Amino acid sequence: VPRHIEVGLITFAGTASVAQSATEDRESLVGAIDAIQMQRGTAIGNAIAVSLAELFPDHGIDVGEMTFGGNGSGSGGGSGGARPRGRSLDDKVKPPPKEITPVPPGSYGSAVIILLSDGRRTTGIDTLQAAKMAADRGVRVRLLMDDQVDEGQRRGAWTTAQRRATGVRLLKDGRIVDVRARREVILSAGAVGSPHLMQVSGLGPAGLLTQHQVSVDVDLPGVGENLQDHLQIRTIYRVRGARTVNTLYRNWITRGGMGLQYLTLRSGPMTMPPSTLGAFARSDPALASPDMEWHVQPLSLPKFGEPLYPYGAITPSVCNLRPTSRGHVRMADADPLNSPKILCNYLSTDADRRIAVRGLRMTRQIMAATPMGRYRPEEVLPGPQLVSDEDLQTAAGELGTTIFHPVGTCAMGAFDAHGRPRSTATVLDTDCRVYRVAGLRVADASAMPTITSGNTNAPVMLIAERTARAILG
């Protein structure tokens, strides 16, 4: 799968491995999440990119096209993903991070915002065409900069700019080509791609860059740090007396009927998003707003990419909307074509483990409710034999997987009147300008200082629109 970036609007497509880590006192729990698969560059909602030109088509903003993934697949912020393999770990041994084969690009939907047109997922752009056009331009490998800062640019985070972004370097058909931006460079490679491209270009924590023999253009300690994501815990319940994708798929007649219904009417199971039901709740009644979300799928399988279970079942996935665990995205070496190291640190805090257990217990309460009785739900995963908090914490680690909402790795923050950030972790100002790098903005979910209490689709669109308005003045 090729990786892409576009000049002006810079986007990645492709995948990256995600390794999990354990905290010193919770190796057996967090280590159970030894590796998952995360989309490197699917589109809106997976926190990657929004075309600023699409928002303002009449203003002639030259930002290029948008790439939605290796196959041109759109995204709505969803609940797809591959369940990690659980494993038994000795409490005294901290497992090493594990690299895995990337997951094929796909379309991951949202229980909150699903964009459908004629029975097909859409974002208003021909994604296959956009992906092909980006691929034809070659692999983009680093940002170009100089020290010729225009005094007219010195505002906000650019007030004390030391460097100026001027374009991007491409690797095209084995040749290096430099492409210059006429006005600004807008980086929208997502919470994984944006910090990685900045780091290999000399923008990031000085210690990390020096470690990998990358010249430090601007020391930005917050680039790649503060990684947050929603971890979904995928439970499975067998049901009876209800039509599920499992039961429809098992029968050749109904399987063919699903395809025929889609081809002729653009309706039926093949048009549904990955999650057809969403729900929100508070883990504690004292909370002012919900901090948990469910995505429910009318199907079940051991993990995505594997065959469906041979019986009717549903998958209620529950996730903590306000996790306190923090991870990072860091370059593995100076080669921009190599994937970065992604450490999510899921379930590394007591609060996150506590809410994970609460989510599993609430899921059981919902499935045991009287209206569900007619379907005789039977818990398959994590399994009714697990009753203690410790058992359910371990199960959360084994069943947990990303919901593809990574954010926070180029965090926005407050600046004083002199253009200085109030926190060393701040990378962007509220107009998404990169601190001390004139002409460079980051417009994607990496700008969020804290993850939203819900899907990231609409917030990324709002970030893009705000950035576009700031550019237009």
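The structure presented is a predicted model; accordingly, all values stated were derived computationally and were not measured.
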Review point. Can you tell me how far the CG atom of Leu381 sits from the CZ atom of Arg234, to the nearest 0.5 Å?
Key: 8.5 Å
**Study point:** Non-hydrogen side-chain atoms of Leu392 and Ser388 separated by less than 4.5 Å
**Key:** no
Review point. Are any side-chain N or O atoms of Glu379 and backbone N or O atoms of Tyr237, one a donor and one an acceptor, separated by less than 3.5 Å?
Key: no
Practice item. Quick one: closest heavy-atom pair of Arg282 and Leu287, and the distance? Key: NE-O, 2.9 Å
Check your understanding: Is there a side chain to side chain donor-acceptor pair (under 3.5 Å) between Thr363 and Trp294 once you walk through the steps?
Key -> CA-CA 9 Å; Thr363 303; Trp294 280 263; 2.9 Å; yes
Review point. Is there a side-chain contact between Ile314 and Met367, using heavy atoms and a 4.5 Å cut-off?
Key: yes
Check your understanding: Distance-only, no hydrogens or angles: does the Thr456 side chain make a donor-acceptor pair with backbone N or O of His405 under 3.5 Å?
Key -> no
Point to revise | Those residues that, when tested against Asp389, pass salt bridge (charged side-chain N to carboxylate O under 4.0 Å, His left out) (two or more places apart) | key: Arg361
Review point. Taking atom types as modelled and ignoring hydrogens, do the side chains of Asp391 and Gln393 form a donor-acceptor contact shorter than 3.5 angstrom?
Key: no
Exercise for review: Kindly compute the distance separating CD (Gln297) from CD1 (Ile236), expressed to the nearest 0.5 Å.
Suggested key: 9.0 Å
**Study point:** Residues, nucleotides or ligands: over 12 heavy atoms within 6.0 Å of Arg374 CZ
**Key:** no
Check your understanding: What are the two closest heavy atoms between Cys432 and Ala447, and how far apart are they?
Key -> SG-CB, 4.4 Å
Practice item. Identify which one of Ile342, Leu343, Val223 satisfies the side chain to side chain contact (heavy atoms under 4.5 Å, CB included) criterion when paired with Val329. Key: Ile342
Review point. Thinking salt bridges, do Arg466 and Asp431 make one under a 4.0 Å N-O criterion?
Key: yes
**Study point:** Partners passing ring-ring contact (aromatic ring centres under 6.0 Å, His included) against Tyr311 (at least two apart in sequence or in another chain)
**Key:** Tyr309
Practice item. Examine the side chains of Ser283 and Arg358 and answer whether a donor and an acceptor come within less than 3.5 Å of each other. Key: no
Review point. Under 3.5 Å, is there a donor-acceptor pair between the side chain of Gln232 and the main chain of Ile403?
Key: no
Check your understanding: Does Val296 reach the side chain of Ser317, with side-chain heavy atoms less than 4.5 Å apart?
Key -> no
**Study point:** Distance-only donor-acceptor check, side chains His295 and Glu293, under 3.5 Å
**Key:** yes
Review point. How would you list, by chain and number, every residue that makes a side-chain hydrogen bond (donor to acceptor under 3.5 Å, both in side chains) with Thr324, sequence neighbours excluded?
Key: Thr349, Asp352
Practice item. Using a 4.5 Å cut-off on heavy atoms from C-beta on, say whether the side chain of Thr402 contacts that of Tyr346. Key: yes
Check your understanding: Of the non-hydrogen atoms in Leu360 and Val318, which two are nearest, and what is the gap between them?
Key -> N-CG1, 4.4 Å
Review point. Does Arg376 offer a backbone N or O that forms a donor-acceptor pair with the side chain of Arg240 under 3.5 Å?
Key: yes
Point to revise | Rounded distance [0.5 Å steps], OG1 in Thr452 versus CG in Leu462 | key: 10.5 Å
Review point. Looking only at side chains, do Ser300 and Asn246 share a donor and an acceptor under 3.5 Å apart?
Key: yes
Check your understanding: How about Ser325 and Asn345: does a side-chain donor come under 3.5 Å of a side-chain acceptor?
Key -> no
Check your understanding: Should Glu225 and Arg326 count as an ion pair when the cut-off is N to O under 4.0 Å?
Key -> no
